[in-house]
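Remember, it's 1-based here, ligands and their atoms both numbered in the order they're listed. Only a predicted model underlies this, so the values are computations on that prediction, with no experimental measurement involved.
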Amino acid sequence: MKQNLSVEEALEMVLQEARPRQTIEHLPLAASYGAVLGEDLISKVHHPSADDTSVDGYACLEADTRSASLGNPVRLRVIGQSPAGKPFSGRIGRGEAVQVFTGAPIPPGADAVIRVEDTLREGEFVWLMKPASATDIRRKGDDLVEGQTYLRKGDLLTPGRVGLAAAMGYATLPVVKRPRVGILSTGDEVVEPGEALPYGGVYNSNSYSLAGLVVEAGGEPVILPKISDSVEGLRTQLQRAGQLDLLLTSGGVSMGEYDIVRRMLEREGEIHFWKVRMQPGGPLLFATWNGLPLLGLPGNPVSAMVTFLLFGRPLLFKLLGRTDPPLSRRRAIADTPFEANPTRRAYRRAVLRWTEEGYRVATTGNQSSAVLRSMAVGNALVVLEAGVSAQPGEIVEVIPFPGTT
Ligand code: AMP
Ligand code: MG
């Protein structure tokens, strides 16, 4: 078991143990938003499917219209209409035009379009006040070419990508099955919300904040019944948990004699590391139990969330084969002081906002790892290297909470 790793060393070990999942399932388009594509997707069609017009106007032969001007308009005979979805079936000849609407195919014979604003209609004739041109013709395949790959395995299905997949002709999408992530809170004092709180008790918040973080990272949370501080209870719950791809425990990884997660895994699992040089989250533990990767998150609500973001989220991304970065970073001007930890990297909860001078960031106040409000009020973490505090006006590195800023 390694101890007191840097954040980078610890993350590397976590990612080494993560085996990307290969299980693919097929979801209808409307249910696929937020999933991760499991295969490359080629377009089944050209888009546009034919040369078409991007404006309302008249299709005609460019050569007929070269002399057209306001003072000397050119007259063409209108031989039909081509609304979108109802292409004109004939052919355009010299001196002729077909009225076209946005998205309609350019009729055979035509090579130019004039916008309706530059024309005057008079019965079966149309007057052109300027020459028609090809600039408003969208060429077949301008956007998508049949057989070409436009979406790749590992792409997160954003709204734009779901739309693109639909445009490419897919009704269902092959996506990576969401990893099942067990969440197990430990602690004699931990009580389920809804029950009466005994003297010295604390409501279980970790199971629910972690479940949200798991969903947001693309996993399927499986909240297991919380257990008290007993090794037997932990063992039983792990054995009952069923098929999981990752287990998150909260609590029981510190130095005390009731720190059962660490004690059990010492004897019955393989601990890869314990303790990371960070604050909050110092007692983080990473182990394998019966082939199952297990992140032992500290019980303090802020520590549990921050360690999940820094280690659990990248791990889930790797299981999913997601190719986008698990966390993004910004530079921001500090509006308040941020205090470093003398020996460990600190992650301070903060409010990040966009202003005319760029990003600015202010502390949420009390930085105790028991103050969960800081994670609710805040939308970002300010990263401070050991011993390097920041004063107002200085530039700091910031990690926005996923899905917020
Ligand atoms: P531990 O890591 O077990 O020593 O717990 C550290 C602190 O976090 C203690 O004050 C616990 O009461 C609190 N805590 C542990 N688990 C939870 C939980 N599931 N929800 C809220 N607070 C918790
Ligand atoms: Mg505990």
Side-chain angles (χ1 to χ4, degrees), residues 1 3-5 10 181-215 219 221-238 241 244 246-269 271 273-287 289 294-312 341 344 346-347 349 364 366-378:
M1 167 173 76
Q3 282 200 42
N4 294 315
L5 301 189
V181 181
I183 300 173
L184 179 59
S185 281
T186 72
D188 287 339
E189 78 285 26
V190 176
V191 173
E192 277 306 305
E195 290 171 15
L197 193 68
Y199 176 68
V202 59
Y203 281 128
N204 175 12
S205 57
N206 290 348
S207 292
Y208 305 99
S209 54
L210 290 171
L213 290 173
V214 166
V215 169
V222 180
I223 297 181
L224 304 169
K226 74 133 282 231
I227 55 165
S228 14
D229 289 313
S230 98
V231 168
E232 292 68 39
L234 174 60
R235 192 184 297 118
T236 312
Q237 208 43 256
L238 287 183
L244 296 175
L246 169 65
L247 182 68
L248 307 174
T249 60
S250 96
V253 290
S254 300
M255 297 280 254
E257 58 185 295
Y258 294 104
D259 287 324
I260 51 146
V261 173
R262 181 175 50 80
R263 283 199 292 128
M264 179 187 147
L265 288 165
E266 255 165 15
R267 281 185 259 124
E268 302 175 32
I271 300 186
F273 67 77
W274 177 42
K275 292 193 193 166
V276 179
R277 297 197 301 276
M278 63 185 285
Q279 183 195 43
L284 177 71
L285 175 149
F286 180 56
W289 182 85
L294 185 155
L295 267 176
L297 312 179
N300 264 314
V302 174
S303 313
M305 289 189 76
V306 170
T307 47
F308 178 85
L309 281 172
L310 294 178
F311 300 96
N341 177 289
R344 296 182 274 158
Y347 294 88
R349 276 73 65 209
T364 56
N366 187 339
Q367 293 288 321
S368 156
S369 54
V371 174
L372 186 50
R373 272 186 300 112
S374 67
M375 293 298 290
V377 172

Next on the checklist: Return the closest protein heavy atom for atom 19 (N) of ligand 1 as residue, atom name and distance.
Outcome noted: Asn204 OD1, 2.9 Å

Item to check | Atoms of ligand 1 close to Val190 [distance to a heavy atom under 4.0 angstrom, numbered from 1] | outcome: 16 (N), 17 (C), 19 (N)

Item to check | Donor-acceptor contact present, side-chain Arg277 to main-chain Asn4, <3.5 Å | outcome: yes

Next on the checklist: Can you confirm whether Leu210 sits close enough to Pro221 that some side-chain heavy atom of one is under 4.5 Å from a side-chain heavy atom of the other?
Outcome noted: no

Checklist entry - Mind checking whether Tyr258 has a heavy atom under 4.0 Å from ligand 1? => result no

Item to check | Atoms of ligand 1 close to Ser250 [distance to a heavy atom under 4.0 angstrom, numbered from 1] | outcome: 16 (N), 19 (N)

Checklist entry - Starting from atom 4 (O) of ligand 1, which protein heavy atom do you reach first, and at what distance in Å? => result Ser254 OG, 4.0 Å

Checklist outcome for this item: Of all protein heavy atoms, the one nearest atom 23 (C) of ligand 1 is Gly299 O, 3.4 Å

Checklist entry - Which protein heavy atom lies closest to atom 10 (O) of ligand 1, and at what distance to 0.1 Å? => result Asn300 OD1, 4.3 Å

Checklist entry - Which of the numbered atoms in ligand 1 are below 4.0 angstrom from a heavy atom of Thr186? => result 16 (N)

Checklist entry - What are the atoms of ligand 1, with element, lying closer than 4.0 Å to any heavy atom of Tyr203? => result 20 (N), 21 (C)

Checklist entry - Got an N/O contact under 3.5 Å between Ser205 and ligand 1? => result yes

Next on the checklist: Among all protein heavy atoms in this structure, tell me which lies nearest to atom 18 (C) of ligand 1, with the distance rounded to 0.1 Å.
Outcome noted: Asn206 ND2, 3.2 Å

Next on the checklist: Under 4.0 Å from a heavy atom of Gly252: which atoms of ligand 1 are those, numbered in the order shown and with their elements?
Outcome noted: 1 (P), 2 (O), 3 (O)

Item to check | Met255/Lys275 under side chain to side chain contact (heavy atoms under 4.5 Å, CB included): CA gap, chis, key distance, verdict | outcome: CA-CA 11 Å; Met255 297 280 254; Lys275 292 193 193 166; 3.9 Å; yes

Checklist entry - Should Leu297 and Val253 be marked as a side chain to side chain contact (heavy atoms under 4.5 Å, CB included) after you check the CA-CA gap, both sets of side-chain angles, and the distance that decides it? => result CA-CA 7 Å; Leu297 312 179; Val253 290; over 6 Å; no

Checklist outcome for this item: Short version for Glu189: what comes under 4.0 Å of ligand 1, heavy atoms counted, is side chain

Item to check | Backbone N/O of Arg262 and side chain of Asp259: donor-acceptor pair under 3.5 Å | outcome: no

Item to check | Proximal ligand 1 atoms for Ser185, defined as those under 4.0 Å from one of its heavy atoms | outcome: 19 (N)

Next on the checklist: So Leu285 and Leu265, do their side chains get closer than 4.5 Å, heavy atoms only?
Outcome noted: yes

Checklist entry - Under a 4.5 Å cut-off applied to non-hydrogen side-chain atoms, are Leu284 and Phe273 in contact? => result yes

Checklist entry - Heavy-atom contacts under 4.0 Å between Val202 and ligand 1: side chain, backbone, both, or neither? => result side chain

Checklist entry - Within a reach of under 6.0 Å around OH of Tyr203, are more than 12 heavy atoms found that belong to other residues, nucleotides or ligands? => result yes

Next on the checklist: Just to verify, which of Leu246, Leu295, Leu247 counts as forming a side chain to side chain contact (heavy atoms under 4.5 Å, CB included) with Val181?
Outcome noted: Leu246

Next on the checklist: Using side-chain heavy atoms (C-beta onward) and a distance below 4.5 Å, is Met278 in contact with Thr307?
Outcome noted: yes

